[in-house]
Number of protein chains: 2
Amino acid sequence: MEDSDSKPTRKSASAKSRRVPQVPRKRSQPAAVTIRDVAERSGFSSATVSIVLNNAPLARYIPDTTKGRIQRAASHLGYRPNLFARSLRGRRSQTVGVMVFDMTDPYCTLVLRGIENTLYQSSFLPILTDVHNERSRFERYLEMLLDRRIEGLVVLANWLFVDINVLADLEKNNIPTATVGRDLNNENISSVIVDNAAGAYAAMDHLHSLGHRKIAFIRGPRGLTDTEPRWRGVRTLAHERDLELDSRLIVDLPESGDPFSSFEQGYKLTEELLRRNRAFTALMAFDDMTAFGAIRALNKNGIRVPDQCSVIGFDDVAPAALYSPALTTIRQPMELMGTTAATIVLEAINSGFEKKSAPTIHRKIIPELIVRESTRQLK
Amino acid sequence: MEDSDSKPTRKSASAKSRRVPQVPRKRSQPAAVTIRDVAERSGFSSATVSIVLNNAPLARYIPDTTKGRIQRAASHLGYRPNLFARSLRGRRSQTVGVMVFDMTDPYCTLVLRGIENTLYQSSFLPILTDVHNERSRFERYLEMLLDRRIEGLVVLANWLFVDINVLADLEKNNIPTATVGRDLNNENISSVIVDNAAGAYAAMDHLHSLGHRKIAFIRGPRGLTDTEPRWRGVRTLAHERDLELDSRLIVDLPESGDPFSSFEQGYKLTEELLRRNRAFTALMAFDDMTAFGAIRALNKNGIRVPDQCSVIGFDDVAPAALYSPALTTIRQPMELMGTTAATIVLEAINSGFEKKSAPTIHRKIIPELIVRESTRQLK
DNA sequence: TCCCGAAGTTCGATTTAAATG
DNA sequence: GCATTTAAATCGAACTTCGGG
């Protein structure tokens, strides 16, 4: 029942002559099995092997006995096609670039997992790059990714220095791209963002419904695109409920690229608020990191959270659930956002393969209020 | 001063005939510039171009004028070599696989950054895989990575199911591998771990020097290799200081693959300790996640940290510094560990390229006590 | 004409052996 | 032989074309 040499015809003879005799490979590598080895062992040509193994259209005509023989030969030899050869010919890399602006940001983790998981389903692999918020690094990495012929790119855009121009190369190269966390307003670059206004509205609604009227705010830095819509959400609710916003209870985070700094700034700005001596019963922080800093400052000044002051964040980064007290916050569904961005890119890749052009998609996801322990009914 | 057609000799004529006339590419892709385009424009053959651009040994003989012409032509056309072609020939991918067992673990972030940063210096790119603690996924990813001819592998080994056998394929394929966070005791797989005994010793020393004598312990799960040495460190110090360890103040984390569960278990086990009604003034948790859970439980039961009970963790994950109170802990220098592992792998790759065989390296790093706010002198 | 399979070309860069003056 | 350059082989898979039954 051996599956070799059952066809000792002209074919195997010609197959033998196709190469310089048996020059054993010099490398200490385990002598990779090539398609020709499979061809030889199965008694068919490499073309037939390729067609069968890829189940190409032509495979229709090939009888099952042939297919079986080839498949058995392949698996017996442990054949694995050389992806370099395949990619060289077919111009596909089965690879997607992932660009993060600061890996250290807790925001990244779950988004990355969503991306990874989605790519995995489609047998794509991610190349991870972290540009450390440096422009030169961004450019270098972009080049490296293009050199590797990534088929798509997902950008985790929690950063400041972007102008639209930076991604021009991508358009030139026709690489489907999606950003997470920031909309570039570019007609060729898809985006997945959270509805910041709705989130902030929900946060305010929560505080308001708990009876809070004197609310302090730490707003985001002006440079961030998230800042304006979140504040808009706050104002919308305030207006609806005839709530007055006391400008002496409003402070702004300074610009910064570093997630840890928003913690420190949250701390400092909260102390600043306390110094102003205007009473407040709740504090709404720009994001969770800021909220952590704020809670720390409140605690330091003998103010218990939530007993004496409620605090609400935004994002629901992983530590929020671990905090003591656990942080009430607005959840950005980060894993979903990663999944969505990756899906958009994958679909664009596929449709590009079928010559349709994929539409640019801008998805705005409604965030969810997560009530934990850092907010409480005003007594 | 144009650098084309200054050599209209036989060469350029032969170069013209080497290909079917100008068949414009059908693809909408931006018609990649190949080495032959550079050859044509500069008036030399592709062989010469390759030699010059790679500064190959033979480039010694090539006059500077030629080099200049070729380089100018290349940069003028914006030539970027096709890495697939190059890799196919040269069998190098400039890629390292990174395998994480659970991306969600806060332990990962900084290690990843260390790896990324180190690879970046050497123009390597990481392919990131997350096996979600599933064996099947591990195997699938390993195959995919091997298919892509990764030149090395870094494994972030914060998991349970490993037996030494799982990495056998790597040995077969001669791929330099290093693990972070766990020593496989395999003579071909390098490792970078922290000195758990020293760390636990330092933690105990800290508590002891603050005057604590009644200390509760949440030990690690038996299945983890970290568990035993940490406990050994505790016992060593206890023995040195004639400190008695009360077995009623010792509990063990159950097995689990999920980092979040150690938080929950930390919570539950602390409540369990409290129910036992044996007084303790300090608690040493297996790791930071456990410590967070413990602090939460203490707070819930009206016990203030550190006023009424000191708590110390292990790892120094990012949230530890943000916590309120900020967590005193033993820092694993995670970024350094990532850097170290990546460096080991890169060096093995290079020495493999020069036919030397690289030694397997087992590095044990001394962790550092980070005193923050969760521990305090016993009054 | 239909079915089956092989021969040969292509992808783009590197490298060896060889040719030229 | 020396300096300079190149034709041709190679890497491994995929695809196009063609021929035989």
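Here is the naming used below: chain letters follow the sequence lines, and residue numbers restart at 1 for every chain. Since the structure is predicted, the reported quantities are computational estimates derived from the model, not experimental observations.
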Between [N] ([atom2]) and [X] ([atom1]): distance, integer Å:
{"X": "B:D64", "N": "D:dA3", "atom1": "CG", "atom2": "P", "value": "15 Å"}
{"X": "B:F84", "N": "C:dT10", "atom1": "CZ", "atom2": "C1'", "value": "16 Å"}
{"X": "A:R86", "N": "D:dC15", "atom1": "CZ", "atom2": "P", "value": "9 Å"}
{"X": "B:R60", "N": "C:dT15", "atom1": "CZ", "atom2": "P", "value": "15 Å"}
{"X": "B:R80", "N": "C:dG12", "atom1": "CZ", "atom2": "C1'", "value": "15 Å"}
{"X": "A:E40", "N": "D:dG12", "atom1": "CD", "atom2": "P", "value": "14 Å"}
{"X": "A:I35", "N": "C:dG5", "atom1": "CD1", "atom2": "P", "value": "15 Å"}
{"X": "A:R149", "N": "C:dA13", "atom1": "CZ", "atom2": "C1'", "value": "12 Å"}

Distance-only donor-acceptor check, side chains B:R72 and B:S42, under 3.5 Å
no
Would one find a side-chain N or O of [X] under 4.0 angstrom from OP1 or OP2 of [N]?
{"X": "B:Y79", "N": "C:dA13", "answer": "yes"}
{"X": "A:T34", "N": "D:dG12", "answer": "no"}
{"X": "B:R91", "N": "D:dG12", "answer": "yes"}

Salt bridge check, A:R36 against A:E40: does any charged N sit closer than 4.0 Å to a carboxylate O?
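Looking at A:E40 and A:R36, the cut-off is not met.
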Contact list for residues 114-126 of chain B, test salt bridge (charged side-chain N to carboxylate O under 4.0 Å, His left out), sequence neighbours left out
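Sorted result for residues 114-126 of chain B: A:R137-B:E116.
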Assign A:L88 to base, sugar-phosphate, or nothing according to its heavy-atom contacts below 4.0 angstrom with the strands shown.
base
Taking any heavy-atom pair under 4.0 Å as a contact, classify B:L58: base, sugar-phosphate, or nothing.
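Base, at least one base heavy atom under 4.0 Å.
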Please confirm whether any donor atom in the side chain of B:R89 sits under 3.5 Å from an acceptor in the base of D:dT10, or the reverse.
yes
For B:R86, give me all partners under salt bridge (charged side-chain N to carboxylate O under 4.0 Å, His left out), at least two apart in sequence or on another chain.
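In terms of salt bridge (charged side-chain N to carboxylate O under 4.0 Å, His left out), with neighbours along the sequence ignored, B:R86 is linked to no residue.
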Which pairs would a plain distance check flag for residues 58-65 of chain B, meaning a side-chain donor or acceptor within less than 3.5 Å of a matching protein atom at least two apart in sequence or in another chain?
none

Tell me, which of residues 47-56 of chain B have any heavy atom that sits under 4.0 Å from an atom in DNA chain C?
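Under 4.0 Å from DNA chain C: B:A47, B:S50, B:N54.
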Those residues that, when tested against A:E151, pass side-chain hydrogen bond (donor to acceptor under 3.5 Å, both in side chains) (two or more places apart)
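With sequence neighbours excluded, A:E151 shows a side-chain hydrogen bond (donor to acceptor under 3.5 Å, both in side chains) to A:R92, given in chain and number order.
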Going by the rule ring-ring contact (aromatic ring centres under 6.0 Å, His included), which residues pair with B:Y120 if we only count those two or more places apart in sequence or in a different chain?
A:Y141
